[in-house]
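Structure record follows, encoded as C-alpha coordinates.
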Amino acid sequence: MAPPTLGVLKCTVVSAKNLPSTDRLGKSDPYCHVEVGSVSKSTKVKNNELNPVWNESFAFKVDEGSRDVVFTIWDKNTLTRDDFLGFATTPISHLHTDSDNELRLNIKGALAGKGSELTVKLNPNFETELVKSRKLGDQLAASKQQVSELEGVKGRLEASVGQLERNNAMFKANLEVMQGENDKFKQNNNKLVAEVTKMTAENDRFKANNDKLEKENAKFGANNKKLEQQVNKLSDENNKFEANNKKLECEVNKLTGEVSKMTAENEKFAASNAKLEKQVVNLGAEVDKFTRENEKLAATNKALEGNVNRLESEVNKMTEENNKF
(Lines give C-alpha, C1' and ligand atoms only; values in the text may rest on other atoms or scores of the structure.)
Protein backbone atom coordinates (compact mmCIF):
# COMPACT_ATOMS: atom_id res chain seq x y z
CA MET A 1 0.00 0.00 0.00
CA ALA A 2 1.47 3.37 -1.08
CA PRO A 3 2.16 5.89 1.72
CA PRO A 4 -0.30 8.79 1.97
CA THR A 5 0.46 11.96 -0.01
CA LEU A 6 1.35 15.05 2.01
CA GLY A 7 0.94 17.55 -0.82
CA VAL A 8 2.78 19.13 -3.76
CA LEU A 9 6.29 20.58 -3.75
CA LYS A 10 7.05 23.23 -6.38
CA CYS A 11 10.74 23.14 -7.28
CA THR A 12 12.40 25.88 -9.38
CA VAL A 13 15.99 25.24 -10.53
CA VAL A 14 17.24 28.81 -10.84
CA SER A 15 20.96 28.66 -11.72
CA ALA A 16 24.42 27.28 -10.93
CA LYS A 17 27.86 28.86 -10.86
CA ASN A 18 31.50 27.84 -11.03
CA LEU A 19 30.76 24.41 -12.49
CA PRO A 20 33.79 22.26 -13.43
CA SER A 21 34.62 21.72 -17.09
CA THR A 22 35.07 18.16 -18.35
CA ASP A 23 35.54 18.98 -22.04
CA ARG A 24 39.11 19.53 -23.14
CA LEU A 25 38.22 21.72 -26.10
CA GLY A 26 35.46 23.80 -24.44
CA LYS A 27 33.14 24.23 -21.47
CA SER A 28 30.63 21.82 -20.02
CA ASP A 29 27.07 21.46 -21.35
CA PRO A 30 25.29 21.20 -17.97
CA TYR A 31 21.76 20.19 -16.99
CA CYS A 32 20.24 19.54 -13.56
CA HIS A 33 18.48 16.34 -12.56
CA VAL A 34 15.97 16.65 -9.67
CA GLU A 35 14.75 13.68 -7.59
CA VAL A 36 11.96 13.59 -4.99
CA GLY A 37 11.26 10.09 -3.76
CA SER A 38 10.91 7.85 -6.83
CA VAL A 39 10.11 10.73 -9.25
CA SER A 40 12.84 12.56 -11.18
CA LYS A 41 12.80 15.44 -13.68
CA SER A 42 15.52 17.26 -15.63
CA THR A 43 16.14 20.77 -16.89
CA LYS A 44 17.15 21.66 -20.42
CA VAL A 45 20.83 21.53 -21.44
CA LYS A 46 22.79 24.80 -21.42
CA ASN A 47 25.53 24.40 -24.02
CA ASN A 48 29.10 25.57 -23.35
CA GLU A 49 28.22 27.24 -20.02
CA LEU A 50 29.83 26.99 -16.54
CA ASN A 51 27.38 29.46 -14.95
CA PRO A 52 24.04 28.26 -16.38
CA VAL A 53 20.69 29.94 -15.70
CA TRP A 54 17.72 27.58 -16.08
CA ASN A 55 14.75 29.10 -14.21
CA GLU A 56 12.73 25.94 -14.80
CA SER A 57 9.97 24.80 -12.42
CA PHE A 58 8.67 21.33 -11.64
CA ALA A 59 5.92 19.98 -9.39
CA PHE A 60 6.38 16.81 -7.30
CA LYS A 61 3.82 14.93 -5.25
CA VAL A 62 5.38 14.32 -1.82
CA ASP A 63 4.42 11.35 0.38
CA GLU A 64 5.36 10.57 3.95
CA GLY A 65 8.36 8.51 2.82
CA SER A 66 10.03 11.43 1.00
CA ARG A 67 12.81 13.04 3.08
CA ASP A 68 15.18 14.98 0.79
CA VAL A 69 15.31 16.74 -2.57
CA VAL A 70 18.37 15.52 -4.49
CA PHE A 71 19.95 17.63 -7.23
CA THR A 72 22.61 16.13 -9.56
CA ILE A 73 24.50 18.16 -12.16
CA TRP A 74 25.54 16.46 -15.40
CA ASP A 75 27.55 17.36 -18.49
CA LYS A 76 25.69 16.33 -21.64
CA ASN A 77 27.76 14.29 -24.13
CA THR A 78 26.72 13.17 -27.58
CA LEU A 79 28.94 10.16 -28.25
CA THR A 80 29.72 9.03 -24.70
CA ARG A 81 27.89 8.77 -21.42
CA ASP A 82 27.06 12.04 -19.62
CA ASP A 83 29.68 13.15 -17.08
CA PHE A 84 28.76 13.61 -13.42
CA LEU A 85 29.69 17.13 -12.25
CA GLY A 86 28.37 17.06 -8.66
CA PHE A 87 25.32 16.91 -6.42
CA ALA A 88 23.47 18.81 -3.69
CA THR A 89 20.69 17.83 -1.28
CA THR A 90 18.32 19.59 1.08
CA PRO A 91 15.79 18.12 3.53
CA ILE A 92 12.10 18.81 2.89
CA SER A 93 11.42 19.04 6.63
CA HIS A 94 13.38 22.34 6.93
CA LEU A 95 11.20 24.24 4.41
CA HIS A 96 8.59 26.90 5.20
CA THR A 97 5.03 26.17 4.01
CA ASP A 98 3.49 28.17 1.10
CA SER A 99 6.65 30.24 0.65
CA ASP A 100 9.43 30.37 -1.96
CA ASN A 101 12.36 29.04 0.08
CA GLU A 102 15.34 30.28 -1.94
CA LEU A 103 18.40 28.13 -1.15
CA ARG A 104 22.04 28.35 -2.24
CA LEU A 105 23.41 24.82 -2.01
CA ASN A 106 27.07 23.86 -2.19
CA ILE A 107 27.69 21.39 -5.02
CA LYS A 108 29.61 18.35 -3.78
CA GLY A 109 31.54 15.78 -5.77
CA ALA A 110 34.99 14.86 -6.97
CA LEU A 111 34.98 17.38 -9.81
CA ALA A 112 33.17 20.19 -8.00
CA GLY A 113 35.25 23.05 -6.68
CA LYS A 114 34.82 25.01 -3.46
CA GLY A 115 32.93 27.79 -5.26
CA SER A 116 30.48 25.53 -7.06
CA GLU A 117 26.94 26.51 -6.00
CA LEU A 118 23.37 25.69 -7.02
CA THR A 119 20.47 28.15 -6.47
CA VAL A 120 16.96 26.69 -6.16
CA LYS A 121 13.51 27.74 -4.89
CA LEU A 122 11.32 25.22 -3.04
CA ASN A 123 7.67 25.88 -2.13
CA PRO A 124 5.67 23.12 -0.36
CA ASN A 125 1.90 23.53 -0.03
CA PHE A 126 1.80 21.24 3.05
CA GLU A 127 3.06 21.47 6.63
CA THR A 128 6.69 20.44 6.95
CA GLU A 129 8.43 19.20 10.11
CA LEU A 130 9.84 22.72 10.63
CA VAL A 131 6.34 24.26 10.58
CA LYS A 132 4.93 21.50 12.77
CA SER A 133 7.75 21.85 15.32
CA ARG A 134 7.26 25.63 15.45
CA LYS A 135 3.54 25.15 15.99
CA LEU A 136 4.25 22.64 18.77
CA GLY A 137 6.69 25.12 20.33
CA ASP A 138 4.08 27.85 20.19
CA GLN A 139 1.48 25.50 21.68
CA LEU A 140 3.90 24.45 24.44
CA ALA A 141 4.64 28.08 25.33
CA ALA A 142 0.91 28.81 25.36
CA SER A 143 0.31 25.76 27.57
CA LYS A 144 2.97 26.93 30.06
CA GLN A 145 1.37 30.36 30.14
CA GLN A 146 -2.03 28.76 30.75
CA VAL A 147 -0.59 26.61 33.60
CA SER A 148 0.85 29.73 35.23
CA GLU A 149 -2.44 31.53 34.88
CA LEU A 150 -4.34 28.49 36.24
CA GLU A 151 -2.09 28.37 39.33
CA GLY A 152 -2.94 32.01 40.01
CA VAL A 153 -6.60 31.23 39.49
CA LYS A 154 -6.29 28.26 41.89
CA GLY A 155 -5.00 30.54 44.69
CA ARG A 156 -7.80 32.99 44.11
CA LEU A 157 -10.36 30.17 44.03
CA GLU A 158 -9.11 28.76 47.34
CA ALA A 159 -9.52 32.17 48.96
CA SER A 160 -12.95 32.45 47.37
CA VAL A 161 -13.95 29.01 48.71
CA GLY A 162 -13.19 30.11 52.30
CA GLN A 163 -15.26 33.22 51.82
CA LEU A 164 -18.04 31.15 50.26
CA GLU A 165 -18.11 28.81 53.26
CA ARG A 166 -18.54 31.78 55.58
CA ASN A 167 -21.20 33.20 53.32
CA ASN A 168 -22.93 29.82 53.18
CA ALA A 169 -23.43 29.75 56.95
CA MET A 170 -24.93 33.22 56.81
CA PHE A 171 -27.13 32.27 53.81
CA LYS A 172 -28.35 29.19 55.72
CA ALA A 173 -29.55 31.37 58.58
CA ASN A 174 -31.21 33.74 56.16
CA LEU A 175 -32.78 30.81 54.31
CA GLU A 176 -34.96 29.91 57.27
CA VAL A 177 -36.24 33.47 57.48
CA MET A 178 -36.82 33.54 53.75
CA GLN A 179 -38.69 30.23 53.91
CA GLY A 180 -41.36 31.86 56.04
CA GLU A 181 -41.53 34.78 53.66
CA ASN A 182 -41.71 32.34 50.76
CA ASP A 183 -44.82 30.70 52.24
CA LYS A 184 -46.49 34.10 52.37
CA PHE A 185 -45.44 34.78 48.77
CA LYS A 186 -46.83 31.38 47.77
CA GLN A 187 -50.26 32.26 49.19
CA ASN A 188 -50.20 35.60 47.43
CA ASN A 189 -49.08 33.89 44.27
CA ASN A 190 -52.08 31.56 44.34
CA LYS A 191 -54.34 34.60 44.61
CA LEU A 192 -52.53 36.22 41.69
CA VAL A 193 -52.90 33.02 39.63
CA ALA A 194 -56.66 33.13 40.17
CA GLU A 195 -56.72 36.80 39.15
CA VAL A 196 -54.59 36.06 36.09
CA THR A 197 -56.94 33.21 35.09
CA LYS A 198 -59.89 35.56 35.36
CA MET A 199 -58.11 38.28 33.38
CA THR A 200 -57.09 35.70 30.75
CA ALA A 201 -60.75 34.83 30.18
CA GLU A 202 -61.54 38.56 29.88
CA ASN A 203 -58.67 38.99 27.44
CA ASP A 204 -59.98 36.09 25.35
CA ARG A 205 -63.36 37.82 25.10
CA PHE A 206 -61.67 41.11 24.24
CA LYS A 207 -59.60 39.32 21.62
CA ALA A 208 -62.72 37.79 20.04
CA ASN A 209 -64.37 41.24 19.96
CA ASN A 210 -61.21 42.77 18.48
CA ASP A 211 -61.13 40.11 15.77
CA LYS A 212 -64.75 40.88 14.95
CA LEU A 213 -64.03 44.62 14.88
CA GLU A 214 -60.99 44.07 12.66
CA LYS A 215 -63.17 42.18 10.18
CA GLU A 216 -65.73 44.98 10.24
CA ASN A 217 -62.95 47.53 9.77
CA ALA A 218 -61.67 45.52 6.82
CA LYS A 219 -65.15 45.67 5.26
CA PHE A 220 -65.37 49.41 5.95
CA GLY A 221 -61.95 49.84 4.44
CA ALA A 222 -63.02 48.03 1.26
CA ASN A 223 -66.23 50.13 1.08
CA ASN A 224 -64.23 53.31 1.65
CA LYS A 225 -61.93 52.40 -1.22
CA LYS A 226 -64.95 51.89 -3.49
CA LEU A 227 -66.44 55.22 -2.36
CA GLU A 228 -63.11 56.94 -2.93
CA GLN A 229 -63.04 55.55 -6.45
CA GLN A 230 -66.59 56.75 -7.07
CA VAL A 231 -65.80 60.20 -5.60
CA ASN A 232 -62.71 60.44 -7.78
CA LYS A 233 -64.80 59.48 -10.81
CA LEU A 234 -67.48 62.08 -9.94
CA SER A 235 -64.76 64.67 -9.37
CA ASP A 236 -63.42 63.96 -12.84
CA GLU A 237 -66.93 64.29 -14.28
CA ASN A 238 -67.45 67.59 -12.41
CA ASN A 239 -64.18 68.89 -13.76
CA LYS A 240 -65.37 68.01 -17.26
CA PHE A 241 -68.74 69.72 -16.62
CA GLU A 242 -66.99 72.83 -15.32
CA ALA A 243 -64.83 72.95 -18.41
CA ASN A 244 -67.91 72.52 -20.66
CA ASN A 245 -69.79 75.23 -18.69
CA LYS A 246 -66.92 77.63 -19.22
CA LYS A 247 -67.02 76.89 -22.93
CA LEU A 248 -70.83 77.35 -22.99
CA GLU A 249 -70.52 80.64 -21.09
CA CYS A 250 -68.05 81.84 -23.69
CA GLU A 251 -70.45 80.75 -26.46
CA VAL A 252 -73.45 82.43 -24.69
CA ASN A 253 -71.48 85.65 -24.27
CA LYS A 254 -70.53 85.48 -27.91
CA LEU A 255 -74.18 84.79 -28.96
CA THR A 256 -75.43 87.64 -26.70
CA GLY A 257 -73.17 90.00 -28.59
CA GLU A 258 -74.46 88.64 -31.87
CA VAL A 259 -78.10 88.97 -30.69
CA SER A 260 -77.51 92.59 -29.63
CA LYS A 261 -75.94 93.25 -32.98
CA MET A 262 -78.83 91.52 -34.82
CA THR A 263 -81.36 93.46 -32.70
CA ALA A 264 -79.81 96.74 -33.80
CA GLU A 265 -79.84 95.51 -37.39
CA ASN A 266 -83.52 94.49 -37.06
CA GLU A 267 -84.41 97.92 -35.73
CA LYS A 268 -82.69 99.42 -38.76
CA PHE A 269 -84.56 96.96 -41.02
CA ALA A 270 -87.88 97.87 -39.29
CA ALA A 271 -87.26 101.58 -39.96
CA SER A 272 -86.34 100.81 -43.55
CA ASN A 273 -89.46 98.60 -43.92
CA ALA A 274 -91.65 101.43 -42.65
CA LYS A 275 -90.16 103.75 -45.28
CA LEU A 276 -90.56 101.05 -47.89
CA GLU A 277 -94.21 100.51 -46.90
CA LYS A 278 -94.91 104.21 -47.38
CA GLN A 279 -93.15 104.06 -50.73
CA VAL A 280 -95.17 100.94 -51.64
CA VAL A 281 -98.42 102.74 -50.77
CA ASN A 282 -97.36 105.67 -52.93
CA LEU A 283 -96.31 103.29 -55.67
CA GLY A 284 -99.69 101.53 -55.38
CA ALA A 285 -101.48 104.85 -56.05
CA GLU A 286 -99.17 105.49 -58.99
CA VAL A 287 -99.82 101.98 -60.23
CA ASP A 288 -103.59 102.51 -60.01
CA LYS A 289 -103.17 105.75 -61.92
CA PHE A 290 -101.02 104.02 -64.54
CA THR A 291 -103.58 101.20 -64.71
CA ARG A 292 -106.39 103.62 -65.48
CA GLU A 293 -104.22 105.36 -68.08
CA ASN A 294 -103.37 101.99 -69.57
CA GLU A 295 -107.03 101.05 -69.76
CA LYS A 296 -107.73 104.30 -71.61
CA LEU A 297 -104.77 103.63 -73.90
CA ALA A 298 -106.02 100.10 -74.49
CA ALA A 299 -109.43 101.38 -75.55
CA THR A 300 -107.79 103.93 -77.81
CA ASN A 301 -105.59 101.19 -79.26
CA LYS A 302 -108.60 99.03 -79.98
CA ALA A 303 -110.26 101.91 -81.78
CA LEU A 304 -107.08 102.55 -83.70
CA GLU A 305 -106.78 98.88 -84.55
CA GLY A 306 -110.34 98.94 -85.91
CA ASN A 307 -109.53 102.00 -88.01
CA VAL A 308 -106.26 100.41 -89.17
CA ASN A 309 -108.06 97.23 -90.15
CA ARG A 310 -110.69 99.20 -92.00
CA LEU A 311 -108.00 101.28 -93.75
CA GLU A 312 -106.13 98.12 -94.67
CA SER A 313 -109.29 96.73 -96.12
CA GLU A 314 -109.84 99.93 -98.14
CA VAL A 315 -106.23 99.84 -99.29
CA ASN A 316 -106.59 96.24 -100.36
CA LYS A 317 -109.70 97.07 -102.38
CA MET A 318 -107.99 100.00 -104.01
CA THR A 319 -105.02 97.80 -104.79
CA GLU A 320 -107.26 95.27 -106.43
CA GLU A 321 -108.93 98.04 -108.44
CA ASN A 322 -105.63 99.37 -109.52
CA ASN A 323 -104.53 95.96 -110.56
CA LYS A 324 -107.52 95.67 -112.78
CA PHE A 325 -106.62 98.88 -114.53
Side-chain angles (χ1 to χ4, degrees), residues 4-8 10 97-99 123 125-127 131 135 138-139 142-143 145-146 149-150 152-153 156-157 160-161 163-273:
T5 300
L6 297 177
V8 176
K10 180 183 177 182
T97 302
D98 291 326
S99 176
N123 187 344
N125 69 349
F126 52 90
E127 286 189 349
V131 174
K135 283 187 176 181
D138 293 339
Q139 292 174 357
S143 297
Q145 180 65 27
Q146 290 177 354
E149 292 175 355
L150 289 172
V153 172
R156 291 193 295 272
L157 287 174
S160 298
V161 167
Q163 183 65 37
L164 287 171
E165 288 177 351
R166 291 189 295 272
N167 292 337
N168 188 41
M170 186 173 61
F171 290 149
K172 187 175 182 181
N174 291 331
L175 181 62
E176 294 176 356
V177 175
M178 293 178 66
Q179 187 67 41
E181 296 292 330
N182 189 43
D183 292 338
K184 293 180 182 179
F185 289 143
K186 188 174 182 180
Q187 293 175 359
N188 290 330
N189 188 49
N190 291 333
K191 291 180 181 179
L192 290 173
V193 168
E195 292 292 330
V196 167
T197 302
K198 183 178 179 181
M199 292 178 69
T200 301
E202 292 293 329
N203 286 334
D204 290 339
R205 287 198 295 274
F206 288 142
K207 186 176 180 180
N209 290 330
N210 285 334
D211 292 340
K212 185 177 180 180
L213 289 173
E214 286 178 357
K215 291 180 181 179
E216 293 294 329
N217 286 333
K219 291 180 181 179
F220 289 143
N223 290 331
N224 285 336
K225 287 183 179 179
K226 291 181 180 179
L227 290 173
E228 285 177 0
Q229 293 175 353
Q230 293 176 356
V231 167
N232 291 331
K233 185 175 179 181
L234 291 172
S235 179
D236 293 337
E237 295 293 332
N238 286 333
N239 291 332
K240 292 180 181 178
F241 289 145
E242 286 180 1
N244 290 330
N245 286 335
K246 288 181 180 179
K247 290 182 180 179
L248 290 172
E249 286 177 0
C250 292
E251 293 293 331
V252 167
N253 292 332
K254 185 176 178 181
L255 290 172
T256 302
E258 294 291 331
V259 168
S260 298
K261 186 177 179 181
M262 292 176 69
T263 301
E265 293 293 330
N266 286 334
E267 289 175 355
K268 291 180 182 179
F269 287 145
S272 296
N273 287 334

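To the nearest 0.5 angstrom, Glu265 atom CD is 10.0 Å from Ser272 atom OG. One finds the CD atom of Glu249 at 11.0 Å from the OG1 atom of Thr256 (value rounded to the nearest 0.5 Å). Atom CG of Asn239 and atom CG of Asn244 lie 11.0 Å apart (nearest 0.5 Å). Atom CG of Asn203 sits about 12.5 Å away from atom NZ of Lys198, to the nearest 0.5 Å. Interatomic distance, Lys240 NZ to Glu242 CD, rounded to the nearest 0.5 Å: 13.0 Å. Atom CD in Glu258 sits 12.0 Å away from atom CG in Asn253 (nearest 0.5 Å).
Every side-chain contact (heavy atoms from CB on, under 4.5 Å) that Glu267 has, sequence neighbours left out, goes to Thr263.
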Lys212 vs Lys215, side-chain contact (heavy atoms from CB on, under 4.5 Å): CA-CA, chis, key distance, verdict: CA-CA 5 Å; Lys212 185 177 180 180; Lys215 291 180 181 179; 5.8 Å; no
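Proximity of Thr97 to Asn125: side-chain heavy atoms (C-beta onward) are nowhere separated by under 4.5 Å.
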